[in-house]
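Report on the structure given below.
Atoms within each ligand, like the ligands themselves, are counted from 1 in listed order. Numbers here simply count residues along the sequence, with the first being 1.
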Amino acid sequence: MKVIVKKYGGTSVSSVTKIKNIAKKVVEDATRNSIVVVLSAMGKTTDQLVSLANRCTKNPDMRDYDLLVSSGEQVSISLLSMSIKDLGRDSVAYTGWQAGIRTNNSHSSARIIDINAKKIKKDLKENKIVIVAGFQGINNGSITTLGRGGSDTSAVAIAAALKAAECQIFTDVDGVYTTDPRVCSKAKKVDQMTYEEMLEMSGLGSKVLQLRSVEFASKYNVPVRVMHAHNSGSGTLIKKEEKSVEDALITGIAFTKDESEIMIRGVKDSPGIAASILGPIGDADIEVDMIVQNVGSDGLADFTFTVSRKDFNKAIQVIEKNKKKMNFSDVSATKNIVKVSLIGVGMRSHAGIAGQMFSCLARKKINIRMISTSEIKISVVIDQKNLENAVKALHNEFKLERK
Ligand code: ADP
Ligand code: ASP
Ligand code: MG
């Protein structure tokens, strides 16, 4: 029998009725395959736990935090196991540590180091349906969590450890769309995608899969299928690049609203200036995304870069603290920007995509603040107020619309 890992997200297990429904589907599939189910917490449980923590303290001890927020998954796995047994099939539910998921000690964003899948393999041999709590693992006796959306990564990592035939990610949409269907109603489901494309989609803001889950899938070559938890359909299959997949020019449009922009004006244009600005920013553990430097005729330069909004205040503090060393005339900053990205492996073999993207935005009178490109993506930073317009215009320009 083939091993299949099935992960169900929060909205898909938000009620007992939905859990019982999933139990039925899983029991049915278990007549053909060996099944491991990975679950998220019910509905908005994790958000509620995070807000409880915030009400107690602004600065929780991260071990306590992980102990708290990992509890949601323990509820959903127990309920599914009970529901499966109620249908006459044997099952066993494990928390992350019981399932042998070992992580590093970066509480709240831990990385999986290894999975000792002996127990799961034995259970599957004994014809049990195995249920594992997503989003969590263990480090040195302490429960850790894998970052928001981390159950996707738990599922793919377990699939890799078991050499599963497929990792199925069940959610509230029928697959990966050309862009977030919540923003563009004409978004279309994509049938197949490469790991590379999905890495860019996730990395550039499409939260349908946690970025790390795609990294894992790509590294261990785990086929991942994103599909609707309660409707039928074949979903989106994400796998290694093959000739046929290459045909699509643009696969999708991703965007992120988590950006902020800092412009440092009037810095002396001399060697080492970028290092003197970005050095202290990096030392403060702040990740810089895009960077632009404009040199004026007076020998002074403007240095602009983006950081995640959560790091915005910290970055401004670092700049103020290092003002003398950085030697600039003034600094301006805005949080009202977004990054929109076009993604597609077809870009490799087609010139002119960037030009077409910029002309399209120009026709819509959308100003581009910054640009960055890689082999298979082009990203632009624009004002937040233009986000929806830009996504819809690009979606139309590159003919991604549903027929
Ligand atoms: P789950 O709780 O099942 O993990 P998520 O909320 O994490 O579900 O992911 C599903 C959501 O991702 C969808 O409801 C959709 O709004 C959003 N999303 C963002 N970009 C995309 C995209 N390109 N394709 C499909 N869904 C997307
Ligand atoms: N329950 C966790 C969260 O809400 C993990 C997940 O759903 O993937 O982030
Ligand atoms: Mg998710």
Thinking salt bridges, do Glu397 and Arg363 make one under a 4.0 Å N-O criterion?
-> yes
Taking every heavy atom of Phe328 against every heavy atom of Lys323, the minimum-distance pair comes out as CZ-CG, 3.6 Å
Please tabulate, line by line, the atom pairs linking an N/O of ligand 1 to a protein N/O at a distance below 3.5 Å, with the distance in Å to 0.1, or answer 'none'.
from	atom 1	to	atom 2	distance (Å)
ligand 1	2 (O)	Gly10	N	3.3
ligand 1	3 (O)	Thr171	OG1	2.7
ligand 1	4 (O)	Lys7	NZ	3.2
ligand 1	8 (O)	Thr171	OG1	3.1
ligand 1	14 (O)	Asp172	OD1	2.8
ligand 1	14 (O)	Asp172	OD2	3.3
ligand 1	16 (O)	Asp180	OD1	3.0
ligand 1	16 (O)	Arg182	NE	2.7
ligand 1	16 (O)	Arg182	NH2	2.9
ligand 1	23 (N)	Tyr177	O	3.0
ligand 1	24 (N)	Tyr177	N	2.8

By ring-ring contact (aromatic ring centres under 6.0 Å, His included), Phe216 pairs with (sequence neighbours left out) Tyr220
Leu209 and Ser202 have their tightest heavy-atom pair at O-OG, 3.1 Å
In chain-and-number order, ligand 2 lies under 4.0 Å from a heavy atom of each of Ser40, Ala41, Thr46, Glu73, Phe135, Arg148, Gly149, Gly150, Ser151
Only one of Leu87, Asn33, Ile84 passes side chain to side chain contact (heavy atoms under 4.5 Å, CB included) with Val26, and that residue is Ile84
Taking atom CZ as the centre, does Arg55 end up with more than 12 heavy-atom neighbours from other residues, nucleotides or ligands that are less than 6.0 angstrom away? no
Point to revise | Salt-bridge contact Lys7-Asp152 (side-chain N to carboxylate O under 4.0 Å) | key: yes
Asp123 meets the side chain to side chain donor-acceptor pair (under 3.5 Å) criterion, sequence neighbours left out, with Tyr94
Result for side-chain hydrogen bond (donor to acceptor under 3.5 Å, both in side chains) between Thr144 and one of Asn105, Asn139, Thr103 points to Thr103
